[in-house]
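Below is one structure, written out as structure tokens; the observations come after it.
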Amino acid sequence: MIKVHHLDQSRSQRILWLLEELGLEYELVCHSRNPVTMRAPDSLKAVHPLGKAPVIEHDGVVVSESGYIIEYLCSRFDPDHQLMPRAGTPAFEQCRYWLHYAEGSAMPPLVMSLIFSKLGKPPVPWFLRLPGRLLGEGVRQKHLTPEIKTHIAYWDKTLTHTGWFAGNALSAADVQMSFPVMAAASRAGIEGAPAVADWLERVRARPGWKRALERGGPFAY
């Protein structure tokens with residue numbers, strides 16, 4: 001049995017989606033964020049030293065990092081290449097690219113934007129909130145939001161060709177990209193990116209995505 005350590009409002013939602021698309025049974029262990037700091041609880045550190053989600057356990061092995069988890073699960077439970085294209089094909093190389101790009105390039109400006117948006121709020125001391133808010137808004141407007149918009153335009157151009165990130169159908173690349181795309185849509189908006197909007201609508205309409213939401217609980221994105 002695959003055990004998934006799921007953190008609310010996190011990247012682990014896409015692992016639940018992957019498992020649902022593959023039709024696999026799994027045990028779900030839910031962890032809740034600290035309501036004040038919004039950080040992951042210490043219970044995750046008992047599973048993996050970094051204390052972050054997603055993490056899965058399978059056959060006595062602890063596996064972390066979304067991209068690696070997706071490759072691990074597909075290599076063992078996707079013999080028909082439902083989500084992982086066959087090795088040696090252009091779609092396979094595209095899929096591997098997006099598995100790395102999602103966390104290596106797409107997520108850093110999104111994470112930084114989230115951090116800077118909190119500089120004017122508790123637990124920042126009250127006397128630092130006004131300058132913190134001004135600093136945060138300045139950095140986001142001048143640097144982070146334009147960077148995020150560049151990524152969104154890149155996604156839109158990519159999705160215009162086939163409607164999916166790798167090949168002509170849903171793949172592991174779409175699963176991996178679901179979190180950055182949804183986070184960007186929430187934080188920066190996707191106006192002027194019709195292919196991205198269409199992709200999001202099709203993803204959210206999938207039965208596998210809906211089942212993942214039912215299992216994982218509320219998801220803000």
Side-chain angles (χ1 to χ4, degrees), residues 1-35 37-78 82-84 95-115 165-166 170-187 200 203-204 206-221:
M1 176 66 72
I2 301 164
K3 180 185 292 187
V4 183
H5 292 273
H6 172 59
L7 178 65
D8 57 312
Q9 312 293 356
S10 80
R11 293 162 167 84
S12 57
Q13 185 64 42
R14 58 189 169 191
I15 303 304
L16 304 187
W17 180 28
L18 175 78
L19 291 165
E20 293 292 343
E21 291 287 348
L22 291 174
L24 298 175
E25 294 185 4
Y26 57 96
E27 177 186 349
L28 186 64
V29 180
C30 294
H31 303 261
S32 298
R33 293 181 182 275
N34 183 302
T37 65
M38 295 306 295
R39 296 182 65 84
D42 289 340
S43 58
L44 273 171
K45 290 185 178 179
V47 184
H48 188 279
L50 295 182
K52 298 182 182 296
V55 177
I56 68 168
E57 295 181 71
H58 177 248
D59 283 349
V61 177
V62 175
V63 186
S64 65
E65 296 297 333
S66 296
Y68 179 49
I69 292 172
I70 290 173
E71 288 192 288
Y72 178 93
L73 292 173
C74 285
S75 68
R76 286 159 176 78
F77 302 107
D78 188 20
Q82 176 185 347
L83 292 177
M84 183 62 72
C95 190
R96 291 182 67 192
Y97 166 76
W98 292 106
L99 287 177
H100 290 275
Y101 162 89
E103 292 296 329
S105 294
M107 282 307 300
L110 289 164
V111 172
M112 291 177 65
S113 180
L114 178 63
I115 292 172
F165 278 99
L170 176 79
S171 73
D174 300 286
V175 174
Q176 177 74 331
M177 283 298 297
S178 63
F179 191 81
V181 173
M182 291 179 182
S186 174
R187 297 170 193 171
L200 274 173
V203 165
R204 288 170 173 157
R206 293 187 67 87
W209 175 259
K210 293 179 180 179
R211 290 194 301 270
L213 287 180
E214 291 174 1
R215 291 290 303 271
F219 187 60
Y221 304 119

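Heavy-atom basis, side chains included; hydrogens, waters and symmetry copies ignored. Nothing fancy with the numbering, it's 1 onward along the sequence.
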Q: Compute whether any side-chain donor of one residue and acceptor of the other, for Glu65 and Tyr72, lie under 3.5 angstrom apart.
A: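 No donor-acceptor contact under 3.5 Å links the two side chains.
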Q.
What I want to check is whether the side chains of Tyr221 and Arg187 have a donor and an acceptor closer together than 3.5 Å.
A.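 Side-chain D/A pair, Tyr221 to Arg187: present.
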Straight-line distance of [X] [atom1] to [Y] [atom2], nearest 0.5 Å:
X	Y	atom1	atom2	value
Cys95	Leu83	SG	CG	8.5 Å
Phe179	Ile15	CZ	CD1	11.5 Å
Ser75	Ile70	OG	CD1	12.0 Å
Phe165	Leu170	CZ	CG	11.0 Å
Ser64	Ile56	OG	CD1	9.5 Å
Trp98	Asp174	CH2	CG	10.0 Å

Give the minimum heavy-atom separation between [X] and [Y], together with the two atoms involved.
X	Y	result
Met1	Tyr26	SD-CA, 3.4 Å
Ala53	Leu7	CB-CB, 3.5 Å
Ala102	Gln176	CB-CG, 3.4 Å
Leu110	Ala106	CD1-O, 3.5 Å

Q | Donor-acceptor under 3.5 Å (Arg33 side chain, Pro41 main chain) | A |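 Side chain of Arg33 to backbone of Pro41: no pair is present.
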Q) Is there a donor-acceptor pair closer than 3.5 Å between any side-chain N or O of Asn34 and the backbone N or O of Arg39? A)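 Here the side-chain-to-backbone pair does not exist.
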(Q) Using the ring centroid of each side chain, check whether His31 and His5 are separated by less than 6.0 Å. (A)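 For His31 and His5, the ring centres are under 6.0 Å apart.
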Q) Taking the six-membered ring for Trp, is the centroid-to-centroid distance between Phe77 and His58 below 6.0 Å? A)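 Yes; His58 has its ring centre under 6.0 Å from that of Phe77.
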(Q) Between Arg206 and Glu21 (salt bridge meaning N to carboxylate O under 4.0 Å), is one present in this structure? (A)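 Counted as a salt bridge, because a side-chain N and a carboxylate O are separated by less than 4.0 Å.
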Q) Looking at Gln13, Arg14, Arg11, which one forms a side chain to side chain contact (heavy atoms under 4.5 Å, CB included) with Ser178? A)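 Only one of Gln13, Arg14, Arg11 forms a side chain to side chain contact (heavy atoms under 4.5 Å, CB included) with Ser178, namely Arg14.
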